Amino acid sequence: MTQGVRGTRDFYPEDMRIRNWLFDNFRNAARSHGFEEYDAPVLEHEELYTRKQGEEITQQLYNFEDKGERRVALRPEMTPSLARMVMARAGVLPTPIKWFSIPQCWRYERTQRGRGREHYQWNVDVWGSNALEADVELLSVLVNFFEGVGLTADDLVIKISSRKVLEEVLGSLGISGDAFAATCIIVDKMDKLSEDVVAAQLAEQGLGADAVTTIQSTLGVDDLDSLSAALGDDSAAVSELAGLFDLIDSYGIADWVAFDASVVRGLAYYTGPVFEAHDRAGQLRAICGGGRYDRLLSSLGGKDMPATGFGFGDMVIMELLMDKGLVPDLPSGNEDIVIAISEDLRSAAMSVASRLRASGRSVDLVLEDKRMKWAFRHAERTGAQRLVMVMPEEWAAGNVRIKNLESGEESDVAVGDL
RNA sequence: GCUGUGAUGGUGUAGCGGUUAGCACGGUGGGUUGUGGUCCCGCCGGCCCGGGUUCAAGUCCCGGUCACGGCCCCA
């Protein structure tokens with residue numbers, strides 16, 4: 001009876017303080033880069049997500065039929081909803097569209113440490129710009145967030161590559177279109193699956209063992225010169241990545257990023273630069289991930305608009321922050337506790353509380369007949385700064401007694417001066 | 001889909017065949033105090049469900065339910 005649905009979390013006030021702190025940092029980073037917040041319903045038509053087979057995200061849909069016999073799903077990610085919103089007002093919205101959101105996203109899967117059935121995923125996206133500057137701006141948002149919560153470039157790294165790398169490699173092997181997207185999903189799992197399994201899955205796409213070797217050797221590359229050697233001087237992937245890293249230097253965030261050809265991403269819709277942030281120690285799952293997806297709208301039946309963005313879950317980052325001791329101790333936020341010392345002063349206490357509240361204080365009025373002992377313990381537990389006591393003699397003189405709980409000082413203050 | 005561990009007051013836990021089932025937090029009443037934080041005392045409140053073994057079962061066995069991990073897989 002006291003348990004929620006499997007894989008879901010309750011946020012008690014002490015948990016909520018931390019969540020709000022995290023979300024505040026998300027918001028600050030996005031706002032400082034000129035992004036505006038939006039939201040969409042957590043429930044969407046199932047068909048919004050039933051696209052490329054093979055994507056984990058579609059296999060793990062938290063879906064069901066509603067009372068009107070409609071197939072619906074709790075959103076597994078925000079991007080399709082965002083695409084829907086943008087598409088609905090394409091041509092009206094001034095570009096570039098720079099929006100962010102912190103949606104709760106759902107998936108139906110076996111629960112594990114750090115993997116529930118719901119999580120909050122900070123999403124930051126730019127629509128309507130082809131420029132690499134837009135992609136780098138996203139990296140700047142990320143770095144700004146990391147710095148905001150006290151993380152450094154020694155703690156984590158943003159690994160960057162481009163879908164074009166794989167596109168060129170697979171293109172040389174004669175793979176394109178839907179087969180390309182399907183192959184991306186398989187290649188994304190390469191470092192987690194055995195070579196045999198990968199080879200078998202690639203064989204289903206019509207690829208041979210030699211192709212596997214070619215893919216693996218290219219993805220093992222971790223500097224641009226080697227990539228250039230592998231793909232040739234006229235490679236669009238190489239020039240794109242070179243341009244990207246020039247801009248990264250301009251932002252002064254080069255310490256935070258590294259080229260890594262093995263970054264592919266499991267979603268089929270990416271088309272250009274892709275990236276993931278990982279802890280340097282390599283202990284945790286990816287902290288966030290994103291990239292350019294210029295052709296998503298056409299897959300939803302609309303006219304394409306260039307777009308780039310990332311998703312950033314709340315669970316892995318909290319594990320990293322806890323490991324690093326960066327989660328702050330947060331007080332309740334209550335500043336004053338107001339208590340009437342006797343029952344007949346209750347209405348007086350209410351007027352005192354109202355005055356304090358009007359002056360902008362966060363005031364917790366003791367609502368019932370509680371003893372002083374309780375008030376002090378309550379103040380201690382909630383981290384309040386002052387105890388405001390409405391006492392008979394003082395009240396008769398037009399005063400209340402205020403005790404500063406940190407210094408222990410106490411004084412009578414005229415009600416008019418509150 | 002496979003697998004391991006665990007379920008004891010409201011919360012977190014100790015107890016491993018016989019205990020008045022212990023402790024901490026909490027709630028509540030009181031002592032001390034300046035109607036006053038610390039401190040001290042009293043009280044409230046518990047063995048997941050169903051079978052079985054035993055003179056005796058939180059404790060051992062079987063089944064169920066739920067929870068938490070791991071594997072598979074991966075936003």
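Below, read A as the first sequence line, B as the second, and so on, with proteins coming before strands; counting in each chain starts at 1. All heavy atoms count here, side chains included; hydrogens, waters and symmetry mates do not. Not measured: the values here are computed from a predicted model.
- Under the 6.0 Å distance and 45° angle rule, A:R295 does not count as a cation-pi partner of A:Y269.
- The nucleotide B:G22 finds its pairing partner in B:U13, both defining distances of the Watson-Crick or G-U wobble pair being shorter than 3.5 Å.
- Comparing the same atom, P, in B:G15 and in B:C60 gives a spacing of 12 Å after rounding to whole Å.
- Counting to the nearest Å, the P atom of B:G4 and the CZ atom of A:R110 are 12 Å from each other.
- Side-chain contact annotation: A:D304 with A:S298, donor-acceptor N/O pair under 3.5 Å present.
- Not a single ring pair (Phe, Tyr, Trp, His ring centres under 6.0 Å) links A:F64 to another residue, sequence neighbours left out.
- The nearest whole Å value for the distance from the CD atom in A:E109 to the C1' atom in B:G69 is 14 Å.
- Side-chain nitrogen and oxygen atoms of A:Q112 include at least one within less than 4.0 Å of the OP1 or OP2 phosphate oxygen of B:G70.
- Atom C1' of B:G58 sits at a distance of 5 Å from the matching atom of B:C47, rounded to the whole Å.
- The list of salt bridge (charged side-chain N to carboxylate O under 4.0 Å, His left out) pairs with a residue in residues 311-331 of chain A, not counting sequence neighbours, reads A:R9-A:D314, A:R113-A:E319, A:D155-A:K324.
- Across the P atoms, B:C43 and B:A57 are found 29 Å apart, a figure rounded to whole Å.
- In a base pair of the Watson-Crick type (N1 to N3 plus N6-O4 or O6-N4) or a G-U wobble (N1-O2 and O6-N3), with each distance short of 3.5 Å, B:G1 is matched with B:C71.
- Applying the 90° cutoff around 0 to the glycosidic angle, B:G30 is assigned anti.
- Taking atom P in both B:C16 and B:C72, one finds a spacing of 38 Å when rounded to whole Å.
- One interatomic measurement links the two molecules: CD1 of A:I339 to C1' of B:U35, which rounds to 10 Å at whole-angstrom precision.
- Between B:G36, B:A75, B:U35, one nucleotide has an atom nearer to the side chain of A:I341 than all others, and that is B:U35.
- One C1' atom belongs to B:G42, the other to B:C49, and the distance between them is 36 Å to the nearest Å.
- Residues A:N63 and A:E46 have side chains that bring a donor and an acceptor to within less than 3.5 angstrom of each other.
- Looking at heavy-atom distances under 4.0 Å, A:I287 makes contact with a base.
- Under the 4.5 Å side-chain criterion, counting only non-hydrogen atoms from C-beta, A:Q121 is not in contact with A:I102.
- The partner of B:G27 is B:C43, by the rule that a Watson-Crick or G-U pair needs both atom distances under 3.5 Å.
- In this structure, the CD atom of A:E409 is 17 Å from the C1' atom of B:G34, given to the nearest Å.
- Nucleotides B:G37 and B:G30 have their P atoms positioned 15 Å apart, rounded to a whole Å.
- Of the P atoms belonging to B:U19 and B:U13, the separation is 26 Å, rounded to the nearest Å.
- By the 4.5 Å heavy-atom criterion applied to side chains, A:I337 and A:V388 are not counted as neighbours.
- Atom P of nucleotide B:A75 and atom CZ of A:F275 are separated by 15 Å, given to the nearest angstrom.
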With salt bridge (Lys or Arg N to Asp or Glu O under 4.0 Å) as the criterion, how do A:E409 and A:K403 come out once you've worked through the C-alpha distance, each side chain's angles and the decisive distance to 0.1 Å? CA-CA 6 Å; A:E409 290 171 42; A:K403 176 147 183 167; over 6 Å; no
Please list, for nucleotides 65-67 of chain B, all pairs of protein and nucleotide N/O atoms separated by less than 3.5 Å.
from  : atom 1 : to   : atom 2 : distance (Å)
B:C66 : O2'    : A:Q3 : OE1    : 3.1
B:A67 : OP2    : A:R6 : NH1    : 2.8

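- Among residue pairs with one or both ends in residues 120-132 of chain A, none qualify as salt bridge (charged side-chain N to carboxylate O under 4.0 Å, His left out); sequence neighbours excluded.
- Rounded to the nearest Å, the gap between the P atom of B:G52 and that of B:U8 is 24 Å.
- To the nearest angstrom, P of B:G26 lies 17 Å from OH of A:Y12.
- Residues A:V413 and A:L418 form a side-chain contact, since some pair of their non-hydrogen atoms from C-beta on lies under 4.5 Å apart.
- Along RNA chain B, the nucleotide nearest to A:A286 and the one nearest to A:S342 differ in position, and the one closer to the 5' end is contacted by A:S342.
- Judged by the 6.0 Å distance and 45° axis criteria, A:R19 is positioned over the aromatic ring of A:F11.
- A cation-pi arrangement is absent between A:R75 and A:Y49, since the terminal nitrogen or guanidinium carbon is not both under 6.0 Å from the aromatic centre and inside a 45° cone about the axis.
- Residue A:E65 qualifies as enclosed at atom CD: its count of foreign heavy atoms under 6.0 Å is above 12.
- The stretch residues 313-324 of chain A comes close to RNA chain B through A:G313, each having a heavy atom under 4.0 Å from the strand.
- In this structure, B:A7 and B:U65 make a Watson-Crick or G-U wobble pair, each of the two defining distances being under 3.5 angstrom.
- Side-chain proximity of A:Q121 to B:G36, B:A75, B:C68: nearest is B:A75.
- Straight-line distance from the CZ atom of A:F310 to the C1' atom of B:A75: 15 Å, rounded to whole Å.
- Within residues 364-394 of chain A, the residues having any heavy atom closer than 4.0 Å to RNA chain B are, in order of number, A:K370, A:R371, A:M372, A:K373, A:F376, A:R377, A:E380, A:R381, A:P392.
- In this structure, CZ of A:R401 is placed 13 Å from P of B:G36, rounded to the nearest angstrom.
- Pair check for B:G58 finds none; no Watson-Crick or G-U wobble contact set falls under 3.5 Å.
- A donor-acceptor pair shorter than 3.5 Å cannot be found between the side chains of A:E380 and A:H378.
- Searching all strands for a Watson-Crick or G-U wobble partner of B:U35 with both distances below 3.5 Å returns nothing.
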